[in-house]
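Heads up: the structure comes next, in structure tokens.
Quick note on labels: first sequence line is chain A, next is B, and so on, each numbered from 1.
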Amino acid sequence: MAASNADIAELFSRYADLLEIQGANPFRVRAYRNAARVVADSGRSMSDRMAAGEALDDLPGIGKDLAAKIGTIVRTGALPQLAELETRVPRALGELMNLPGLGPKRVKSLYRELGIRNREDLQRAIRSGALRSLHGFGPKTTARIAAAIERRAVAPQRYRLVDAEQAAAPLLACLGAMPGVETVEVAGSLRRRRDMVGDIDILVTARRGAPVTHAFTRHDAVASVLAVGATRASVQLHNGMQVDLRLVPAASHGAALHYFTGSKPHVVAVRGIAVAKGLKINEYGVYRGGRRIAGRTEDEVFAAVGLPFIPPELRENRGEIEAAADGRLPTLVELGDVRGDLHAHTVASDGHDSLQAMADAARALGYDYLAITDHSRRVRVAHGLDTRDLRAQFAEIDRLNAGFRGFRLLKSAEVDILGDGHLDLPDAVLSEMDVVVVAAHYQLGLPAGKQTARILRALDNRRVQILAHPTTRLVNQRPEFAAHMESIFAAAAERGVAMEINAQPDRLDLDDVHARAARAAGCKLVVSTDAHAAAGLANMRHGVDQARRAWLAASDVLNTLPLERLLRALRR
DNA sequence: GCCGTTTTCGGCCCGACTGTTTTCAGTCG
């Protein structure tokens with residue numbers, strides 16, 4: 001089995017960590033970190049690119065050397081240079097850099113001076129007091145490290161987007177009510193709408209900073225203060241999340257928002273353009289010599305380096321800067337473009353509301369249509385429906401539809417894909433549906449070859465129109481199943497099957513990278529909520545967020561179409 | 001290690017805060 005993009009990225013990251021500890025050229029280290037990101041974010045696997053004879057050094061930040069190393073990893077599953085380096089620098093040292101206050105310099109000193117090779121060694125050294133003798137390790141630093149080791153602290157924790165959003169809301173409200181505060185906004189990965197976020201970043205504009213940052217650290221939700229100054233504060237909340245507050249004057253708002261929204265690689269790239277133009281960008285503005293020429297708005301900052309405004313969702317340095325420079329930025333889909341929802345459950349299976357209640361909620365959102373997609377019989381925990389149950393539901397839908405104007409419930413089902421790729425309902429009842437949605441719920445642990453064949457077999461059924469939550473991942477709980485998604489996208493594109501972006505905060509499946517790859521492969525896409533109650537229809541915005549991160553325009557999303565055009569577009 | 005509207009060599013984003021320092025390195029974002 002050829003190494004996956006994730007495998008390659010992992011090896012490059014580990015190599016970068018050890019190089020950094022060794023004291024290598026920081027730009028060389030950055031090159032490996034950058035390569036890890038570029039490979040991980042690439043929608044196509046490196047092994048497929050190689051098989052297709054494509055040059056890997058066409059990828060940004062990948063030159064001859066890294067291209068060759070990727071080739072080696074794909075063929076052998078290993079990076080010899082990493083193995084060689086690990087004979088001199090213990091591999092567990094890289095993980096020590098995840099501890100707060102420990103960077104490459106201190107980790108190197110721990111290893112060189114005290115022979116500390118891993119977390120257990122470090123814990124022993126702290127207990128024995130051996131660290132006290134070491135330059136740069138005072139009582140506070142030592143205590144902080146000890147506390148982090150005690151708390152587990154393996155890798156930095158990440159949170160679902162909605163959870164971070166919820167934790168941020170009271171803080172934003174509190175800041176907004178403080179005297180002297182002019183504006184309050186979220187920035188960081190929360191503003192970029194990433195599916196998982198590591199911390200909450202908040203930007204405030206105010207004349208005088210210190211009173212605001214200090215008052216902020218006394219908020220009820222704050223468990224501990226990590227740092228506080230006149231322009232910044234970092235705190236940890238009782239729920240464990242870290243919040244970084246930044247404060248600037250209004251004249252710097254745009255520059256600070258751009259800087260603080262990130263992503264880091266995006267910001268570094270934009271600042272690089274500025275340098276090439278003889279400018280300097282920091283969080284206070286854009287400067288020519290000592291003179292500030294922009295900074296009040298993000299538009300100004302982008303314009304100063306010759307770019308149009310780039311939506312936050314695109315700021316990952318995944319080609320958005322080049323696209324912006326060439327005038328090729330897409331007009332991203334918006335929540336208001338959505339005309340209906342194609343995945344929703346009722347009390348008939350595992351939903352909580354009736355057909356009538358779901359229809360009312362969809363009409364209240366201004367939708368033209370709502371597909372009712374209760375589970376098929378195989379999903380017993382969800383009281384899956386059989387043919388007879390479905391026909392009864394269809395009759396009920398007909399009756400309700402007769403009373404609607406400008407709105408229609410669509411007859412459908414979330415048909416289970418059985419282990420062998422057959423569908424859980426006979427073709428006869430599928431052909432009575434307005435739209436056929438299929439999904440896998442069981443046997444998610446099949447080996448990649450079998451899993452892929454299973455899904456492809458399901459797509460072979462000419463009645464199938466939408467593949468729901470295509471990778472079956474659950475955010476922060478379950479990784480995507482082992483399947484060759486590129487083959488699935490290619491087959492779906494050829495057969496005219498749409499891929500779903502499932503908007504449930506727990507799923508967000510397809511994710512941004514896969515959804516972008518699916519579109520590039522020629523797939524149609526839909527954004528659906530998979531609502532299990534009327535209120536769940538409101539999750540559409542989360543799906544739209546991920547669609548935007550996938551560079552999708554309204555024209556890429558079928559459920560932005562009015563009903564008749566939608567049904568035509570879904571036809572195979 | 002990558003890259004090229006001044007370049008195939010010599011650059012590579014920039015500032016705040018902490019702790020330990022005796023004027024600043026290291027870490028972090």
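Proximity note for A:N25 (side chain, C-beta onward) versus B:dC12, B:dG29, B:dG15: the nearest is B:dC12. Considering only side-chain atoms of A:P104, the nucleotide from B:dC13, B:dA16, B:dT27 that sits closest is B:dT27. For A:V275, whose side chain is taken as the heavy atoms from C-beta onward, the closest listed nucleotide among B:dT18, B:dC13, B:dG29 is B:dC13. For A:N282, counting side-chain heavy atoms from C-beta on, the closest listed nucleotide (B:dG1, B:dG15, B:dG29) is B:dG15. For A:D244, the listed nucleotide lying nearest its side chain is B:dG29; candidates were B:dG29, B:dC14, B:dG1. For A:R106, the listed nucleotide lying nearest its side chain is B:dG26; candidates were B:dC14, B:dG26, B:dC2. Side-chain atoms of A:L66 lie closest to B:dC2 of the nucleotides B:dC28, B:dC12, B:dC2. With B:dG29, B:dC14, B:dG1 as the candidates, the nucleotide lying closest to the side chain of A:A31 is B:dG1. The nucleotide whose nearest atom lies closest to any side-chain atom of A:K105 is, among B:dT27, B:dA16, B:dT21, B:dT27. Nearest to the side-chain atoms of A:Y32 among the listed nucleotides B:dG15, B:dG1, B:dC13 stands B:dG1.
Along DNA chain B, the nucleotide closest to A:A269 and the one closest to A:F137 are compared, and the more 5′ of them pairs with A:A269. Comparing A:L226 and A:L59 by the nucleotide of DNA chain B whose heavy atom lies nearest to each, the residue mapping closer to the 5' end is A:L59.
The CZ atom of A:R246 sits 11 Å away from the C1' atom of B:dC28 (whole-angstrom rounding). Between the P atom of B:dT27 and the CG atom of A:D199 lies a distance of 19 Å, rounded to the nearest Å. Regarding A:F12, its CZ atom lies at a distance of 9 Å from the P atom of B:dC2, rounded to whole Å. Straight-line distance from the CG atom of A:N317 to the C1' atom of B:dC13: 13 Å, rounded to whole Å. Between the NZ atom of A:K140 and the P atom of B:dA25 there is a distance of 21 Å, given to the nearest Å. Across the protein-nucleic acid pair, A:R144 atom CZ and B:dT27 atom C1' stand 8 Å apart, rounded to whole Å. Per the geometry, CZ belonging to A:F260 stands 19 Å off P belonging to B:dC14, to the nearest Å. At whole-Å resolution of the value, CZ in A:R232 and C1' in B:dC17 are 6 Å apart.
Phosphate proximity of B:dG29 to A:Q242: present, with a side-chain N or O under 4.0 Å from OP1 or OP2. OP1 or OP2 of B:dC13 lies within a sub-4.0 Å distance of a side-chain N or O belonging to A:R30. Considering only side-chain N and O atoms, A:T231 lies under 4.0 angstrom from the phosphate OP1 or OP2 of B:dC17. Checking the phosphate oxygens (OP1, OP2) of B:dC28, no side-chain nitrogen or oxygen of A:K264 falls inside 4.0 Å. Between A:R271 and B:dC13 there is no side-chain polar atom (N or O) within less than 4.0 angstrom of OP1 or OP2.
Nucleic acid contact for A:P26: none, since no nucleic acid atom lies under 4.0 Å from a heavy atom of the residue. Contacts of A:K277 with the nucleic acid, taken as non-hydrogen atoms under 4.0 Å apart, are absent. A:V228 comes within 4.0 angstrom of sugar-phosphate atoms only, judged by non-hydrogen atoms across all strands, and of no base.
Checked by atom type and distance alone, the side chain of A:T72 never pairs as donor or acceptor with a backbone atom of A:L79 at under 3.5 Å. Looking only at distances, no side-chain donor or acceptor of A:R315 sits under 3.5 Å from a matching main-chain atom of A:R192. The backbone N or O of A:L247 lies less than 3.5 Å from no partner atom in the side chain of A:T231, so there is not a single donor-acceptor pair. Side chain of A:R288 to main chain of A:G278: no donor-acceptor pair is present (N/O by atom type, distance under 3.5 Å, no hydrogens or angles). Side-chain N or O atoms of A:N539 include none that pairs as donor or acceptor with a backbone N or O of A:H542 at under 3.5 Å.
Atom name C1', nucleotides B:dT7 and B:dC12: the rounded distance is 13 Å, in whole Å. B:dC13 and B:dC2 are spaced 16 Å apart, taking the P atom of each and rounding to whole Å. Taking the P atom of each, B:dA16 and B:dG11 are spaced 25 Å apart, rounded to whole Å. Rounded to the nearest Å, the gap between the P atom of B:dG1 and that of B:dT5 is 23 Å. Remark: the separation of the P atoms in B:dT8 and B:dT23 is 42 Å, to the nearest Å. Rounded to whole Å, the separation between the C1' atoms of B:dT27 and B:dT21 comes to 15 Å.
Between A:I293 and A:L279 there is a side-chain heavy-atom pair separated by less than 4.5 Å.
Applying the 3.5 Å distance criterion, the base of B:dG15 shares no donor-acceptor pair with the side chain of A:Y284. Taking only distance into account, the side chain of A:N34 never meets the base of B:dG1 through a donor-acceptor pair shorter than 3.5 Å.
One side chain, A:T471 or A:D509, offers a donor N or O that lies under 3.5 Å from an acceptor on the other.
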> Passes side-chain contact (heavy atoms from CB on, under 4.5 Å), A:N118 versus A:L96? Steps please.
Replying inline: CA-CA 7 Å; A:N118 53 43; A:L96 290 184; 5.8 Å; no
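B:dC14 is paired with B:dG29 under the Watson-Crick or G-U wobble criterion, all donor-acceptor distances under 3.5 Å.
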